[in-house]
**Q** 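One structure is given below, represented as C-alpha cells, and several questions about it will come after.
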Amino acid sequence: MSKREPHPPESSPVAGEGGSLLRQTILEYQAIFDHAPVGIALSRNRRIQHANRRFEEMFGWSHGGLEDQPGSVTWATPESYVEVGRLAAQRLARGELLEIEREMRRRDGSTFWARVRAMPIEPEHPSKGATVWIIEDITEQRQAMQTLQVSQHELEARVKERTEALALAYAQLRRETEERETAENQVRHLAEHDALTGLPNRRLLELRLRQALHDAREQGGCVAVMFMDLDRFKTINDSLGHVVGDRLLQQVALRVHQCMRRPDTVARLGGDEFVMLLPGLSGAGDAAMVASQLIDEVAKPYEIDTLELRVTPSVGISLFPDHGDTPDVLVGKASAAMYQAKAQGRRSYLFFSGQTDASSSQRLLLENDLHRAIERGEFVLHYQPRYELASGMLCACEALLRWQHPTRGSISPVEFVPLAEESGLVVPIGEWVLREACQQLQRWHAKGLDVCPISVNISARQFRSLELLSMIRSVLDETGVDPRLLEVEITETTLMHNTEETLSILGQLHALGIKISVDDFGTGYSSLAYLKRFPVDLLKIDRSFVHDLVTDADDAIIVSAIIGLARSLQLRVVAEGVETPEQVDFLKRRGCDEVQGFLFSKPLPAAQIESLFNLRY
Ligand SMILES: Nc1nc2c(ncn2[C@@H]2O[C@@H]3COP(=O)(O)O[C@H]4[C@@H](O)[C@H](n5cnc6c(=O)[nH]c(N)nc65)O[C@@H]4COP(=O)(O)O[C@H]3[C@H]2O)c(=O)[nH]1
C-alpha cells in the first residue's frame, strides 16, 4: 500500500493500553484500505494524499506514484475535472455524498468508466478536512449495460417490427374478409336482383311469393300478384335505342316502387315485364285500387335527356286463394290477364278470368304463325295512291302489307307489325315487302305501263339492321328497278334516333337515288336543325292531325305549321288520311303538295291500282 504509514491523530496518545488499541485499530483500517477491491484515495487541497493499491492499479500508477499528484491526473478531461470539482464542493459543503459516473484517465492516457463516490473525512467541517474518493471501475458493467441496451433496442425494434407486421397482416386479413363478404353479398345480390333496375329478379320473387303464400295460409288474408308490361316499349327501344330504353325502365322501376307499401315486392322479370307481389290484402278491392294508382303513375310522362316519353302500362292481376296457390300458377295467370288487358285496350288492368288463357295463347299462336307466313305465301301487298293537289295526278303509291291468315282471314298490320317488331321478324318480312314491291314495278313495266314510284315502310328495327343497305342494293340489282322509282318511309322517331348513323344510312340511300319520306310527321321529336341536315325529300303529316283539321283549331295550326316548315326546308309535304273535301280545301289553301286517303282511294290490290295510273282524282 502506501509508502508511508497512516499518521495517527496528533492529539491521540498511542502509548500504553490505549495506545495499543489504537494501533490495533489503525492496523485493521490499514488492512481494509490496502485490500479493498475498490480504489480509495484521500485528497486534500486538490492533491492526492494517499491512494490504495486498487486505485493505483486502476489508474496505471506505480506504488506510491500518485502521492501529491494533482487530482486532475485521474480525470479524462480538464473540463470534467473542473465540473466534478465544482459539484463535489457543493455537495460536500452541504454534508452530502457525491455519487457520479464519469470517464477517468489512466496514466498512459487511456480511459475507463468509473462510479465515483466522494465524501468528507470530517462531515462537520467538510471544507477543512480531506476528501475520500472511492472509485469503482464500471467499464465492464457499462459495456454489459450497453450490450444489454443494444440487445434490448434490437429486441424492441424486432417486437415493433413484428407488431407492425402483425398489424399489417391483421389489417390485410380484415380487408380480405371484408372484400370476401362484400363479394359474397354482391354475388348474392346479383343472383337475386336485376342488374339494370336493382329490383328483385324472378328467383327472389319466387322466394318471397312462397313465403307470402305460407304466411297467408297460416294467418289468412289475400295475396295479389300483378303482372305489368309497357305497351309499345319495344318500339321505343328499337327506335330510340337501348340506352334510352334502359333509362326509361329504370325510371319506371322507381315509380312502381314508390307506389308500393313496405311489405310489397316489385320484381323485374326481364324486358319490360314487372311483377308486383302484394301480401296481406283484404281482397280484390285493395288490389284494384293499387293497380289503378300504379297505372296513373307509370303513365305520367318521363323526361330522358331532352325527350319527353310516355308509356302506358297494362296490368294483369291474380289472387291467392281465388286463382291459385303456387307462385307459378299465380304469375302465369297474372300474365294471362295482362295480355287480355292489352288486347282490350291498353292502359288498363284486369283480374284473371277463365277466358284469359285463351287470349294469351292466341297471341302466342299468332306469333308462331307469323314465322311461317312468308314461306306459306300468306302476305300480299296493297297499294294506296297519292295525288298531287295542284294537278290532281296520281304521283306515287304506298305499299301496305296485308296478311291473309289461313283460318283468321285478313289480319291488319296494326295487329301483327308490332308483334313482328318485337320478335325481329320484321326484318325478313320487310325484305319480302321490298322485293315484292320492286317485282311489282317490273311486272307493270313489262306490261308497258307508265308506272309511278312506290313508297315502302321501313320499321325502326329494320332501319337499324346491319343488312338494310346491302339488302336494298341486292333487291334493286336482282329486279333491275330504277332506284328513282323507290321511296322509303321511316317514322319521325326512327329518324331522330342515333342521328350520325341515321345520317350515314340516309346519305347512302339518297346516293342510290332512292327518295326518303318521314312518316307520321308531327308525332315525334324532330328538331329543325337535324331535319335540315338529313337528305329528306318528303314529310307525311300524320293522319291524326288531318282527321280533325277542320274542327280542331290546334290541329289546323299544327298542319299549317308543318306545311310552312316543309316549304322553308324545300321539302314536299303529303297529308295522310284525307277523308273529306273540306280537308282537301284546307290543304290546298295552305299549299300542301300531295294528299293520300280514303277520299281518293283505299289501299287496293295491284291489279286494281294499275287502272288508276295516269288518271286524275
Ligand atoms: N283512318 C284512315 N286510315 C287511312 C286513310 N288512308 C290510309 N289509311 C291507313 O293509314 C295507314 C297508312 O300507313 P302508315 O301510316 O304507314 O301506317 C302503317 C304502317 O305503319 C304499318 N305498315 C303497313 N305496311 C307495312 C309494311 O310493309 N312494313 C312496315 N314496317 N309497316 C307497315 O301499319 C300501319 C297501318 O297500315 P294500314 O292498316 O294499312 O293503314 C294504312 C292505311 O290503310 C284514311 O283516309 N283514313
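All ligand and atom numbering here is 1-based and tracks the order in the structure.
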**Q** Pairing donors with acceptors under 3.5 angstrom, does anything connect the side chains of Gln258 and Arg255?
**A** no
**Q** Which residue and atom name correspond to the protein heavy atom nearest atom 5 (C) of ligand 1, and how close is it?
**A** Phe598 CE2, 3.3 Å
**Q** Are there protein heavy-atom neighbours of atom 10 (O) of ligand 1 below 4.0 Å?
**A** yes
**Q** I'd like to know if the side chain of Asp231 pairs up with that of Ser314 as donor and acceptor (distance under 3.5 Å, no hydrogens or angles considered).
**A** yes
**Q** Among all protein heavy atoms, pick the one closest to atom 21 (C) of ligand 1 and tell me residue, atom and distance.
**A**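 Checking every protein heavy atom, the shortest distance to atom 21 (C) of ligand 1 gives Pro413 CB, 4.3 Å.
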**Q** Which ligand 1 atoms are under 4.0 Å away from a heavy-atom of Glu576?
**A**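 So the atoms of ligand 1 that pass are 15 (O).
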**Q** Using a 4.0 Å heavy-atom cut-off, say whether Lys602 meets ligand 1 through its side chain, its backbone, both or neither.
**A** neither
**Q** Ligand 1 versus Thr491, non-hydrogen atoms closer than 4.0 Å: side chain, backbone, both, neither?
**A** neither
**Q** Protein non-hydrogen atoms only, distance under 4.0 Å: does atom 13 (O) of ligand 1 have such a neighbour?
**A** yes
**Q** Is the shortest distance from atom 23 (C) of ligand 1 to a protein heavy atom below 4.0 Å?
**A**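 True for atom 23 (C) of ligand 1.
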**Q** How does His382 reach ligand 1, by side chain, by backbone, by both or by neither, if only non-hydrogen atoms under 4.0 Å count?
**A** neither
**Q** With heavy atoms under 4.0 Å as the rule, classify the contact between Leu400 and ligand 1 as side chain, backbone, both or neither.
**A** both
**Q** Does the structure place the NZ or CZ of Lys342 under 6.0 Å from the centre of the six-membered ring of Tyr339, at an angle of no more than 45° from the ring's axis?
**A**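 Here Lys342 fails the 6.0 Å and 45° test against Tyr339.
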**Q** Is it the case that ligand 1 has an N or O less than 3.5 angstrom from some N or O of Arg543?
**A**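 Yes.
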**Q** Given that the side chain starts at C-beta and the backbone is N, CA, C, O, which of these parts of Glu398 lies under 4.0 Å from ligand 1, counting heavy atoms, or is it both or neither?
**A**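 Glu398 to ligand 1: side-chain contact only, backbone stays beyond 4.0 Å.
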**Q** In terms of side-chain heavy atoms, does Thr479 have a donor or acceptor partner in Gln442 at a distance below 3.5 Å?
**A**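 No, no side-chain donor-acceptor contact under 3.5 Å.
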**Q** Tell me which part of Arg402 gets within contact of ligand 1: side chain, backbone, both or neither, using heavy atoms under 4.0 Å.
**A** side chain
**Q** Just go through Val414, Ile429, Asn457 and tell me whose heavy atom is the nearest to atom 28 (N) of ligand 1.
**A**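 Heavy atom nearest to atom 28 (N) of ligand 1 belongs to Asn457.
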**Q** Using a strict cut-off of 4.0 Å, indicate which atoms of ligand 1 neighbour a heavy atom of Val433.
**A** 27 (O)
**Q** Examine Leu401 against ligand 1 and note whether any of their N/O atoms are separated by less than 3.5 Å.
**A**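 N/O-N/O distance under 3.5 Å: yes.
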**Q** For ligand 1, does Pro603 get within less than 4.0 Å through its side chain, its backbone, both, or neither, judged by non-hydrogen atoms?
**A** side chain
**Q** Which is it for Asp520 and ligand 1 at heavy atoms under 4.0 Å: side chain, backbone, both or neither?
**A**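 The answer is the side chain.
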**Q** Please check if any side-chain donor atom of Ser560 sits under 3.5 Å from a side-chain acceptor atom of Arg590, or the reverse.
**A** yes
**Q** Can you sort out which atoms of ligand 1 are near Gln384, meaning under 4.0 Å from one of its heavy atoms?
**A** 6 (N), 7 (C)
